[in-house]
**Q** 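Take this structure first; my questions come after.
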Amino acid sequence: MFEKILIANRGEIALRIHRTCREMGISTVAVHSTADENAMHVRLADESVCIGPPPSSESYLNIPNIVSAAMITGAEAIHPGYGFLAENADFAEIVEAHGIVFVGPTPNHIRTMGDKVAAKRAMTGVGISVVPGTEGVIGSTQEARKIAGQIGYPVLIKAASGGGGKGMRVTESPDDLDEQISMARREAKSNFGDDEIYLEKYLANPRHIELQIIADEQGHVVHIGERDCSLQRKHQKVLEEAPSPGLNAEERERLGDIGCNAVRKLGYRNAGTLEFLYEDGEFYFIEMNTRLQVEHPVSEAISGIDIVREQIRIAAGAPLFFQQKDIDFQGHAIECRVNAEDPVTLVPWPGRVSDYHPPGGLGIRVDSGLYAGYSVPPHYDSMIAKLIVHGATRNECLMRLRRALEEFVITGVRTTVPLHQKLIGETDFINGRYDIRWLEAYIAAQSENL
Ligand code: MV4
């Protein structure tokens with residue numbers, strides 16, 4: 001096992017990874033920008049290295065500085081967390097070229113899944129259903145027109161180098177196709193430096209369901225259930241839950257089986273997530289995330305598995321010591337992302353936290369680097385805490401969540417706690433009746449009522 005790991009991230013996830021390292025007897029190296037000198041992940045780590053000024057491009061994305069920090073401190077492995085360099089195949093390659101272990105998949109798997117068209121092709125190759133559409137990128141407009149005619153309108157044009165919802169265009173009719181294709185190409189070129197696009201059937205009201213998988217170097221693959229991530233705004237997830245209230249037991253089992261089989265055939269290793277759109281009983285693969293995700297704690301809550309510990313064990317070459325049949329799913333979990341933002345306009349609200357009192361008690365987990373007196377810097381993502389609640393049933397989870405949100409005190413900055421308090425009181429949410437369109441419509445209706 002490793003003796004020392006460098007954590008190439010900040011905020012709650014750096015702390016999250018540090019905690020597991022500690023439990024495993026592994027010492028930690030924190031890296032930080034000058035804006036994060038007083039951050040909790042820096043205080044708790046055994047050692048810390050300043051890697052640059054506040055902008056991420058010069059610090060948390062600075063590959064030479066991060067690799068140098070690992071070499072100087074003698075860290076044997078680097079955990080990238082999520083965001084920043086977590087899905088940068090070149091970074092994984094450079095790390096390994098310096099004799100340091102990258103806690104994650106191979107650079108090739110990261111690269112394939114980063115290319116959305118290649119990812120769809122790879123998944124089709126291992127028997128996973130994808131959204132009907134062009135087989136690869138669009139060659140000629142005539143070819144796109146033929147496919148669109150076959151699958152039926154509306155269709156969605158996506159950028160091959162996109163992802164996270166950027167560069168998508170809905171096209172309602174063949175009359176608009178030429179214009180939408182050229183606009184999508186121009187947008188893709190300026191946003192991603194690549195004008196390759198592809199076309200899919202547009203699904204109007206799907207749920208966003210993702211499957212958490214863990215795979216070892218020896219070819220064993222398990223899933224630890226799905227998460228429903230349909231509640232999003234501007235492609236930012238707001239609340240996630242496991243299991244999904246929209247699936248029945250048969251669908252859940254089918255998803256787990258097809259996901260594990262695919263990942264085994266791909267020779268994938270470490271933790272990963274398969275993202276699907278789910279509509280009318282069918283799962284359509286859209287993307288694979290080759291990293292630990294923000295919402296991983298809901299899967300940990302229902303399975304009792306520490307995903308970061310498994311990532312580290314796998315990176316050290318150890319086989320999984322449990323099989324699918326050993327995983328005992330228990331109850332229901334919900335995660336609320338707490339952002340330093342105005343709860344209505346969702347405008348970022350950095351600043352000094354005066355009081356901080358996180359909720360506690362049975363079934364409550366708070367992942368956060370906050371403390372009273374901490375200043376939320378303006379340079380990074382506005383997520384400052386995650387509240388994860390576990391209960392024996394969805395109803396118990398909801399009752400406990402309501403209580404925990406009431407207890408949560410963060411003053412000095414505006415937060416999205418009040419948004420969550422309102423959201424979890426809505427009948428549609430309580431009944432689990434929501435899809436990827438629901439939250440935007442709800443927030444739009446709220447602001448009209450101001
Ligand atoms: C779609 C879609 C409808 N039809 N693809 C958005 C992010 C990217 N990962 C894929 N996305 C979508 N792809 C087809 N063919 C709708 C979305 C989408 C979405 C997906 C998941 C969660 C929230 C979303 C919000 C808007 C659009």
Side-chain angles (χ1 to χ4, degrees), residues 82-83 86-87 112-121 123-124 128-138 144 147-148 150-172 177 180-181 184 187-188 191-192 196-211 226-242 244-247 255 272-280 282-291 293-295 298 335 337 346 423 428-429 433-444:
Y82 55 67
E87 288 174 292
T112 302
M113 297 306 165
D115 174 339
K116 304 307 160 191
V117 171
K120 274 187 85 172
R121 192 175 286 124
M123 286 299 171
T124 309
I128 293 254
S129 305
V130 300
V131 187
T134 49
E135 227 168 81
V137 296
I138 296 177
I147 306 270
Q150 285 164 5
I151 62 181
Y153 289 83
V155 294
L156 191 62
I157 305 167
K158 295 183 175 182
S161 303
K166 272 185 255 156
M168 305 198 312
R169 302 191 79 90
V170 184
T171 306
E172 300 285 347
L177 193 64
Q180 292 286 331
I181 287 179
E187 235 172 54
N191 284 327
F192 313 110
E196 298 284 26
I197 52 171
Y198 62 108
L199 188 147
E200 282 181 354
K201 169 106 194 118
Y202 175 70
L203 303 178
N205 294 100
R207 295 182 86 110
H208 180 219
I209 309 274
E210 54 183 38
L211 183 74
E226 85 281 4
R227 299 183 283 256
D228 196 316
C229 303
S230 301
L231 293 174
Q232 308 206 3
R233 184 176 181 265
K234 296 195 172 151
H235 301 293
Q236 294 292 320
K237 292 170 185 161
V238 170
L239 178 154
E240 308 93 354
E241 60 180 315
S244 167
L247 300 189
L255 177 64
T273 301
L274 301 175
E275 292 192 352
F276 297 86
L277 294 178
Y278 167 82
E279 201 172 68
D280 302 326
E282 298 296 330
F283 297 99
Y284 303 97
F285 169 85
I286 46 171
E287 291 175 20
M288 180 170 189
N289 301 318
T290 55
R291 60 164 193 278
Q293 291 197 254
V294 174
E295 59 273 24
V298 295
E335 172 180 277
R337 296 190 185 196
L346 303 182
L423 173 60
D428 285 341
F429 178 70
R433 263 188 241 118
Y434 59 81
D435 57 34
I436 64 165
R437 305 286 163 206
W438 189 89
L439 185 63
E440 299 266 11
Y442 172 72
I443 290 176

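Numbering of ligands and ligand atoms starts at 1, following listing order.
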**Q** Checking the side chain of E87 only, and the main-chain atoms of T290 only, is there a donor and an acceptor separated by less than 3.5 Å?
**A**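 Yes, E87 side chain to T290 backbone: donor-acceptor pair under 3.5 Å.
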**Q** Would you check if the side chain of N289 reaches a backbone N or O of R291 as a donor-acceptor pair within less than 3.5 Å?
**A**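 It does not hold such a pair.
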**Q** Mark up the atoms of ligand 1 that fall under 4.0 Å of a heavy atom belonging to K201, in ascending order.
**A**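 With K201 as reference, the close atoms of ligand 1 come out as 4 (N), 14 (C), 15 (N).
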**Q** Should one rank V155, L203, I151 by closest heavy-atom distance to atom 4 (N) of ligand 1, which comes out on top?
**A**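 The option holding the nearest heavy atom is L203.
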**Q** If the contact criterion is a heavy-atom separation under 4.0 Å, does M168 count as touching ligand 1?
**A**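 Distance cut 4.0 Å: M168 passes for ligand 1.
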**Q** Under a 4.0 angstrom heavy-atom cut-off, which atoms of ligand 1 come close to L277?
**A**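 Once the distances to L277 are compared, the set is 1 (C), 2 (C), 3 (C), 4 (N), 5 (N), 13 (N), 14 (C), 20 (C).
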**Q** Enumerate the atoms of ligand 1 whose separation from the nearest heavy atom of K158 is less than 4.0 angstrom.
**A**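 Taking each heavy atom of K158 in turn, ligand 1 has 1 (C), 5 (N), 10 (C), 13 (N) under 4.0 Å.
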**Q** Which ligand 1 atoms, with their elements, are less than 4.0 angstrom from a heavy-atom of E200?
**A**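 Those of ligand 1 that fall under 4.0 Å from E200 are 5 (N), 14 (C), 15 (N).
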**Q** Does any N or O in the side chain of E275 come within less than 3.5 Å of the main-chain N or O of F285, such that one atom is a donor and the other an acceptor?
**A**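 Side chain of E275 to backbone of F285: no pair is present.
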**Q** Which of the numbered atoms in ligand 1 are under 4.0 angstrom from any heavy atom belonging to E287?
**A**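 Those atoms are 8 (C), 9 (N).
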**Q** Non-hydrogen atoms of E440 versus ligand 1: any pair closer than 4.0 Å?
**A**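 No, E440 has no heavy atom closer than 4.0 Å to ligand 1.
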**Q** Is the shortest distance from a Lys or Arg side-chain nitrogen in E335 or R227 to a carboxylate oxygen in the other one below 4.0 Å?
**A**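 Judged by the 4.0 Å cut-off on N to carboxylate O distance, E335 and R227 do not form a salt bridge.
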**Q** Can any side-chain N or O of R437 pair as donor or acceptor with the backbone N or O of A204 at less than 3.5 Å?
**A**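 Flag set: sc R437 to bb A204 pair under 3.5 Å.
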**Q** Answer yes or no: is there an ion pair linking K120 with E135, defined by an N-O contact shorter than 4.0 Å?
**A**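 So K120 does not pair with E135 through a salt bridge.
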**Q** Check each of V131, I436, V130 against atom 16 (C) of ligand 1 and report the one with the nearest heavy atom.
**A**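 Nearest heavy atom to atom 16 (C) of ligand 1 lies in I436.
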**Q** Please determine whether a side-chain nitrogen of the Lys or Arg among K234 and E440 lies less than 4.0 Å from a carboxylate oxygen of the Asp or Glu.
**A**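 The answer is no: the pair does not qualify as a salt bridge.
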